[in-house]
Amino acid sequence: MLETLRQIVLEVSETTDLHQALDIILRRVRQALGVDVCSVYLSDYDLRRHVLMATSGLNPSAVGTVSLEFEQGVVGMVATRGEPVNLDDAPSHPAYKYIPGSGEEPYHAFLGVPVIHQRKVLGVLVVQQREERRFSDDDVSFMLTLAAQIAGAISHAEASGRLANQSGPAGGGERAFDGLPGAPGVGVGQALVVFPAADLRAVPDKLAVDVGDELAAFERALGEVRAEIEHARAELLQGAPEADALFEAYRLLLSGEGIELDTVARIRAGSWAPGALRAVIEEHAKVFSNMEDAYLRERAEDIRDLGARVLLRLRADERGAPDYPAATVLVGAELSAADILQVPRERLVGIISGRGSANSHVAILARALGVPAVMGVDGLSAGKLEGKELIVDGYRGRLYVDPGVALKREYLRLEREEQELVADLQGLRDQPPVTRDGRHVGLYVNTALISDVEPALRSGTEGVGLYRSEIPFLVRDGFPSEDEQFKNYRQILKAFHPRPVVMRTLDIGGDKPLPYFNWEEDNPFLGWRGVRVALDHPELFRVQLRAMLRADVGLGNMRLLFPMVSGRAELAEVVQLIDATTEELIASGLEVRRPPLGAMIEVPSAIYEIKGMAELVDFFSVGTNDLTQYLLAVDRNNPRVAKLFDPLHPAVLHALQQITTSAHAVGRPVTVCGEMAGEPAAALLLLGMGLDGFSMNVASLPRIKWLVRSFAYSEAVEILNQALGCGSSATVLDIAHEAIEAHGLGGLIRAGR
Ligand code: PEP
Ligand code: MG
């Protein structure tokens, strides 16, 4: 059974089309369990019916037309209970309901399992047999495993309204996909798909611009791979003649007619070379992976490897940057910060990523750029979207493909209103961030790159609340020298002078590994991160400290901040290094000063050490991204648990309240520099907590200033007190959103004004 499961999963993973995948599953399950029928019902929550979505064994014309009421029949029983139902004679069960038109009259044995995605029943997977039969426990586990496998794909197809002849949820024929809100805003534009250089499966479908060019590029790439493999073979054979067998498959593939001729035929029919190659490699690999013989099955991997090699050569041939449409929606199964930074800013209107969540660094970058983003759209066939018209709704985490006229008109209107709102908020640039009853809160920006400086200065910020010094380290091939670092820091300090700049020392590790200083860990977020690395490598840390302290000479606007501090003892070691480095520089004749020092509160243990740490530092800054991750034990990057990553969780709010009270009790100011500070509902609660400052992405700053200026501090305190009494973050969010709408600031929390 395990082998059959493995086979099915493998076959299904090779298709990108849901209906094709279901056909494979239903057919294979029928064979494996020796049953007469295998079907999938989809639960339509609007119609409150389970609709037959695909079948192997029942009348095919019943698909999309036959349906059952929600609580009806044994299928309804499976869905309502959310549990398998195993009956040797279904018609004699009281819940049994005969469905006219399905052609299921003669079936007795029934096994149904629910298809569940993120706690929601999406449908029911059913097998039926003419004879009476009781399915074994193994059969039940087999079906449950398959149901779990298909749940993700069904969830997207359901959202898109592509199943069982339903129309799209927006009613205009467009398809919709749900992901996670990554960056607020809405955008309408054309998809441009980016994919890793050697990832064949991610290659989008595109028409050839010039068939002759595509043919020539393909033949050249194939020739190069042939030569490369022949060369490797010759070298290996010198030392190990018996290894020739290893090359057999490659030789067959490269000399054989199949792959080459098929690809050429597809290019001649109008496809671009990478798309033709992908389709042919998929076809050939599939033939092998369906084989019974384990050795031959493994040849499928050789074919894919060969395809990836040819693709790499083809891509090396591509010249220059892609032709970005005037309104580009960047789409990728897994986008990187570099992919985003490559698009001219004025052309980028939206970002769609198959992986990641709101807390991934790609989403943080999107927010910094003010570009709407939807993350974690899993099951998205990015390659199929190339060139299509898309709508990105970053508030709802939703993507529409090929929108109908009415929907597009509506979103273009919302987009225009958003732009007007942004323009209006520019008018607040020189207004102070003061509440209606006169309380000032510092509003600062988070930055990382020199290119952030201009927009930051235009936003009317009071300074930099978090400079992520590791980002320039991430986009290089090796550690920058002290002088290079010095120049970089000096540029930032000068640009914002006399405003304060909080420079955070290197925070590598976790999801920010340096490509040239890499290590393997089972739990990187609980491993070697932040000051832990710095303390273990004082030689690297002191280079950075020297560069920072030197950069501040004569300016005096730098403050130093330390990431991932767990408590007083660790902080004392860091401070010792600062003192030693400062003294060393003074001794060398430089007029450095010991800057104000700060500790990040992002490791939960630090909350209980604030009093002791206050003896060593001048301020605190709360990293709510990590603090939420560690308090709730939820990986900030994992889309599977993204719904649980919740900075409005009552526990997080109470922790933040405690941090503020403890810091103020010992006379230390405290700022929030996590993403929460830039989210209107959260910022309103933070305001009520009495935090001294918020540091956020540039795009959020004018919005949060509008919020601060629209509320009285006393109102924010009242709203916070209500929120602290709530048992769930959903209620907290309702309270905050209601207050925001009531103050006429609805444009901050949804599309439009
Ligand atoms: C945080 O953890 O909230 C934070 C500001 O730092 P980073 O996102 O860089 O980990
Ligand atoms: Mg952090």
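First listed ligand is number 1; within each ligand, the first listed atom is number 1. Both backbone and side-chain heavy atoms feed into the values below; hydrogens, waters and symmetry mates do not. Position 1 is the first residue of the sequence; numbering continues from there. As the structure is a computational prediction, the values presented were derived from the model and not from experiment.
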(Q) Assess the residue pair Asp552 and Val592 against the criterion (side chain to side chain contact (heavy atoms under 4.5 Å, CB included)); give the C-alpha distance rounded to whole Å, side-chain angles, the decisive distance to 0.1 Å, and a yes or no. (A) CA-CA 7 Å; Asp552 186 43; Val592 298; over 6 Å; no
**Q.** Ligand-side contact atoms (ligand 1) for residue partner Glu602, heavy atom cut-off under 4.0 Å
**A.** 1 (C), 2 (O)
Q | Atom indices of ligand 1, in the order listed, that fall short of 4.0 Å to a heavy atom of Arg529 | A | 10 (O)
Q | Ring centroid separation Phe694 to Tyr444 under 6.0 Å | A | no
Q | Under-2.8 Å protein N/O/S neighbours of the Mg ion (ligand 2), ordered by chain then residue number | A | Glu602 OE1, Asp626 OD2
Q) At a 4.0 Å threshold, what atoms of ligand 1 neighbour a non-hydrogen atom of Gly623? A) 1 (C), 2 (O), 3 (O)
(Q) Which residue and atom name correspond to the protein heavy atom nearest atom 4 (C) of ligand 1, and how close is it? (A) Asn625 ND2, 3.7 Å
Q | Element-labelled atoms of ligand 1 that are located less than 4.0 Å from some non-hydrogen atom of Leu466 | A | 5 (C)
(Q) Given the ring of Phe486, does Arg550 sit roughly above its face, with NZ or CZ under 6.0 Å from the centre of the six-membered ring and within 45° of the axis? (A) yes
Q) Under 4.0 angstrom from ligand 1, any heavy atom of Met696? A) no
Q) So does Arg429 have more than 12 non-hydrogen atoms from other groups sitting under 6.0 Å from CZ? A) yes
Q. Is a side-chain donor-acceptor pair under 3.5 Å present for Asp626 with Gln629?
A. yes
Q: Run down the list Leu561, Asp626, Ile601, Thr624 and name the one with the heavy atom closest to atom 2 (O) of ligand 1.
A: Asp626
(Q) Can you see whether Ser700 engages Asn697 through a side-chain donor-acceptor pair at a distance of less than 3.5 angstrom? (A) yes
Q. Taking atom types as modelled and ignoring hydrogens, do the side chains of Glu484 and Ser481 form a donor-acceptor contact shorter than 3.5 angstrom?
A. yes
(Q) Just by distance, no angles: are the side chains of Glu738 and His743 close enough, under 3.5 Å, to form a donor-acceptor pair? (A) no
Q.
Could you check whether any heavy atom of Arg504 sits closer than 4.0 Å to an atom of ligand 1, since that is the contact criterion I want to use?
A. yes
Q: Identify whether NZ of Lys or CZ of Arg in Arg668 sits under 6.0 Å from the centre of the six-membered ring of Phe619 and within 45° of that ring's axis.
A: no
Q) Taking atom 10 (O) of ligand 1 as the point of reference, which of Glu675, Arg636, Arg468 owns the nearest heavy atom? A) Arg636
Q. At what distance is the nearest protein heavy atom to atom 5 (C) of ligand 1, and which residue and atom is it?
A. Cys673 O, 3.4 Å
(Q) Regarding Asn446 and Ser695, do their side chains bring together a donor and an acceptor under 3.5 Å, going by distance alone? (A) yes
Q: Could you tell me whether Phe517 and His537 have their ring centroids closer than 6.0 angstrom?
A: yes
Q. Considering only heavy atoms of Gly674, which atoms of ligand 1 have at least one such atom less than 4.0 Å away?
A. 3 (O), 5 (C)
